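Report on the structure given below.
Reckoned from all heavy atoms, side chains included, excluding hydrogens, waters and symmetry mates. Source: prediction; values computed, not measured. Counting convention: from 1, in listed order, for ligands and their atoms alike.
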Amino acid sequence: MKLILLGAPGAGKGTVSKLLTALDGSVQISTGDILRGAVKDGTELGKKAQAFMKAGDLVPDDLIMGIMEERLQQPDCANGFLLDGFPRTIPQAEALEVLLDRLNIKLDAVVDLDVPREVLLDRLTTRRTCSNSDCQEIYNIKSKPPKVEGVCDKCGSPVIQRDDETEEAISKRLDTYNEKTAPLASFYEKQGKLMKVNSTSSDAVVAAIKQKLGM
Ligand code: ADP
Ligand code: ZN
């Protein structure tokens, strides 16, 4: 399947993507993960992106489009992909249209995961992430704590609170989402591609997507 997943930080894009990739071998493409990897490896891209990310600001569109142009041409995308965290602005969405046309790729749908702000805030402030960039397992101190406090069940690395998951950065990310990314819903609705789902349970989201795609 070839999908865009829209949804505020904490809406469950990562969790839903993981469930969907298990269905048909599509790959999850998260610009956030790619950027965090670049920051950790200290690449040119990472150096340019770091300050924006730490403040909860968006990374400039031209950097993001460079990443995506390269990523979408990797052979593993042929089986399908789930775009998680991209596009994030109308200019990115417009540039993506041009890029997909050029690569002869057609999207199946754009899924908008809808979650109330109070729920998002609660989920994000209690979220913890495995610090190992090859693992990045997500935990929640209330609903899904690691078996041993502060230690990843999967790989044993420390489980941490991300820099951009402090109260202040979170509230900024939600405001940025409402201002810059929420307008993408109507952009795709006009094209008849939008599918809006209530995202309180990730299993229900996956079921709705399977139904929509006739799987
Ligand atoms: P979130 O949980 O906020 O959805 P992500 O992991 O998707 O977090 O992204 C983390 C950070 O990486 C964002 O706050 C932003 O600084 C940057 N980022 C990720 N994707 C994009 C994008 N498509 N455009 C601009 N900045 C991005
Ligand atoms: Zn881990």
Side-chain angles (χ1 to χ4, degrees), residues 4-18 28-40 45-72 81-96 99 110 112-113 115 117 119-121 123-140 144-148 150-184 199:
I4 293 176
L5 293 174
L6 293 179
K13 298 186 296 291
T15 310
V16 167
S17 301
K18 291 211 170 71
Q28 174 192 11
I29 302 179
S30 155
T31 41
D33 287 349
I34 295 172
L35 290 166
R36 278 185 290 278
V39 169
K40 182 172 165 278
L45 170 69
K47 283 181 200 144
K48 287 180 186 153
Q50 192 162 27
F52 296 103
M53 294 174 73
K54 189 160 182 180
D57 281 326
L58 290 181
V59 171
D61 291 335
D62 56 333
L63 287 183
I64 300 291
M65 291 316 300
I67 295 174
M68 288 309 297
E69 172 152 15
E70 195 182 308
R71 185 64 189 89
L72 284 171
F81 52 78
L82 304 153
L83 303 185
D84 161 6
F86 170 86
R88 240 350 191 267
T89 62
I90 295 279
Q92 286 180 19
E94 286 169 347
L96 177 63
L99 179 61
V110 178
D112 188 13
L113 306 181
V115 182
R117 187 177 172 110
V119 178
L120 294 173
L121 273 171
R123 280 187 191 170
L124 289 167
T125 49
T126 54
R127 182 150 99 173
R128 298 293 180 271
T129 308
C130 173
S131 57
N132 171 1
S133 59
D134 294 327
C135 173
Q136 304 204 35
E137 183 71 5
I138 292 177
Y139 296 92
N140 185 292
K144 190 200 166 197
K147 292 199 185 81
V148 178
V151 180
C152 179
D153 294 349
K154 288 208 164 154
C155 75
S157 302
V159 169
I160 54 157
Q161 184 167 30
R162 268 167 39 184
D163 263 358
D164 61 353
E165 288 183 344
T166 61
E167 280 298 332
E168 196 191 349
I170 287 167
S171 149
K172 173 114 176 251
R173 277 160 66 208
L174 291 178
D175 291 343
T176 304
Y177 184 84
N178 288 332
E179 185 194 331
K180 306 236 167 86
T181 311
L184 292 183
S199 184

Please note down the angle at the Zn ion (ligand 2) between SG of C155 and SG of C135, to the nearest 10°.
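Roughly 110°, rounded to 10°.
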To 10 degrees, how wide is the angle SG (C152) to the Zn ion (ligand 2) to SG (C130)?
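SG of C152, the Zn ion (ligand 2) and SG of C130 span an angle of about 110°.
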Does ligand 1 have a heavy atom under 4.0 Å from the side chain of R162, from its backbone, from both, or from neither?
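The side chain, only.
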Please work out, at 4.0 Å between heavy atoms, whether the side chain, the backbone, both, or neither of L58 comes within that distance of ligand 1.
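The part of L58 near ligand 1 is both the backbone and the side chain.
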Heavy-atom side-chain contact between L35 and L45 under 4.5 Å:
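In short, these two side chains touch, coming nearer than 4.5 Å.
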From [atom1] ([X]) to [atom2] ([Y]), nearest 0.5 Å:
X	Y	atom1	atom2	result
L58	Q92	CG	CD	7.0 Å
L124	R162	CG	CZ	8.5 Å
S17	D84	OG	CG	4.0 Å

Between [X] and ligand 1, does any nitrogen or oxygen pair lie at a separation below 3.5 Å?
X	result
R36	yes
V59	yes
R173	yes
R88	yes
G10	no

Note the single closest protein heavy atom to [atom], along with its residue, its atom name and the distance in Å.
atom	answer
atom 24 (N) of ligand 1	Q92 NE2, 2.9 Å
atom 23 (N) of ligand 1	G85 O, 2.9 Å
atom 11 (C) of ligand 1	M53 CE, 4.0 Å
atom 16 (O) of ligand 1	D57 O, 2.6 Å

Closest approach of [X] to [Y] (non-hydrogen atoms, all atoms of both residues):
X	Y	result
P9	L120	O-CD2, 3.4 Å
L6	Y177	C-OH, 4.0 Å
M65	A95	CE-CB, 3.6 Å

Per-atom contacts, ligand 1 versus [X] - under 4.0 Å to a heavy atom:
X	value
K13	4 (O)
R127	2 (O)
I64	21 (C), 22 (C), 23 (N), 24 (N), 25 (C), 26 (N), 27 (C)

C130 backbone acceptor or donor facing S157 side chain under 3.5 Å
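A pair under 3.5 Å: no.
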Taking Q136 for the side chain and S133 for the main chain, is one N or O donor matched with an acceptor at less than 3.5 Å?
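Side chain of Q136 to backbone of S133: a pair is present.
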Which option out of L5, T31, L35, L83 puts a heavy atom nearest to atom 17 (C) of ligand 1?
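Ranked by closest heavy atom to atom 17 (C) of ligand 1, first place is L35.
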Ion pair present between E137 and K18, side-chain N to carboxylate O less than 4.0 angstrom?
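Salt bridge: no.
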Taking only Lys NZ, Arg NE, NH1 and NH2, and the carboxylate oxygens of Asp or Glu, determine whether R117 and D175 approach each other closer than 4.0 Å.
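Yes.
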Under 4.0 Å, counting heavy atoms only: does K172 come that close to any atom of ligand 1?
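Outside the 4.0 Å threshold, so no.
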Take every heavy atom of Q50, measure it against each atom of ligand 1, and state whether any distance is under 4.0 Å.
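So Q50 does not count as touching ligand 1.
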For K172 and D164: C-alpha separation, side-chain torsions, deciding distance, then whether salt bridge (Lys or Arg N to Asp or Glu O under 4.0 Å) applies.
CA-CA 9 Å; K172 173 114 176 251; D164 61 353; over 6 Å; no
